[in-house]
Amino acid sequence: MSDAHEAATPRPGAGGPKVVLIGPMGVGKSTVGALLAERLGTGYRDTDADIVAAEGREISDIFVEDGEPHFRELERAAVRTAVAEHTGVLALGGGAILDQGTRELLSGLPVAYLSMDVEEAVRRVGLNTARPLLAVNPRRQWRELMEARRHLYTEVARVVVATDDRTPEEVAQAVLDALEWKDA
Ligand code: S3P
């Protein structure tokens with residue numbers, strides 16, 4: 001771990017995001033994140049959008065042109081900058097937690113894992129061609145994806161909030177409730 005890495009990691013209580021949202025694609029991180037930012041009177045930031053703006057190309061193009069390992073490096077750098085600079089609500093891409101360096105950057109932060117079950121996932125993203133990861137056999141692909149990721153989401157999360165059968169407003173409220181009593 002480099003000194004630069006450690007210097008950019010905010011210490012608990014020394015600023016940093018008020019809430020960090022993690023969870024799989026389609027779970028509603030951006031919708032809930034924007035609602036939370038409004039409720040908290042603060043800004044919303046999304047590392048996927050930061051990467052697209054910095055690179056001047058879509059994430060799908062980065063995957064195709066440079067491969068997933070390169071994308072994860074860009075994502076780690078984007079998370080490092082965002083947790084150092086941003087004091088509002090921050091949402092990360094669904095696979096950000098796959099990278100150990102990114103997981104380390106989240107240590108001590110108020111991280112909320114938004115979860116959903118397989119049926120909800122298939123309803124929300126299974127038929128969405130913009131998310132080819134789940135396009136062929138959504139149920140099986142979802143299960144495999146979550147088997148690889150679930151323990152990493154829970155490892156870095158301070159709180160877990162189930163989104164099944166809840167509106168975005170209800171999820172936002174549940175995140176606030178969970179983090180408030182943990183933070184009190
Ligand atoms: C990914 C999720 C995406 C984006 C990229 C990879 C993943 O973010 O970072 O396409 O590996 O799950 P969203 O979770 O915002 O869709």
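Start at 1 and go down the list; that is how both ligands and their atoms are numbered. Every value quoted in this text rests on a predicted model; they were computed, and no experiment measured them.
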Is a donor on one side and an acceptor on the other found under 3.5 Å between the side chain of T81 and the backbone of A77?
yes
So, 4.0 Å and heavy atoms of R149: is ligand 1 close enough to count as a contact?
yes
Which value, rounded to the nearest 0.5 Å, describes the distance between R150 atom CZ and I97 atom CD1?
11.5 Å
For ligand 1, which is the ligand I care about here, please tell me if I59 has any N or O atom under 3.5 Å from one of the ligand's N or O atoms.
no
Within 4.0 Å of some non-hydrogen atom of R72, the atoms of ligand 1 are 7 (C), 11 (O)
Nearest non-hydrogen atom to atom 3 (C) of ligand 1 belongs to which of D48, V52, I97?
D48
If you measure from CG on L92 to OG1 on T47, what distance do you get to the nearest 0.5 Å?
4.5 Å
Check each atom of ligand 1 against the heavy atoms of M25 and keep those under 4.0 Å away; list them by number with element.
12 (O), 14 (O), 16 (O)
Measuring from atom CD of E55 to atom CZ of F71, what distance do you get when rounded to the nearest 0.5 angstrom?
9.5 Å
Does the salt bridge (Lys or Arg N to Asp or Glu O under 4.0 Å) test come out yes or no for R76 and D99, once each step is laid out?
CA-CA 7 Å; R76 190 191 320 132; D99 183 87; 2.8 Å; yes
Compute the minimum heavy-atom distance from E58 to ligand 1 and say whether it is under 4.0 Å.
no
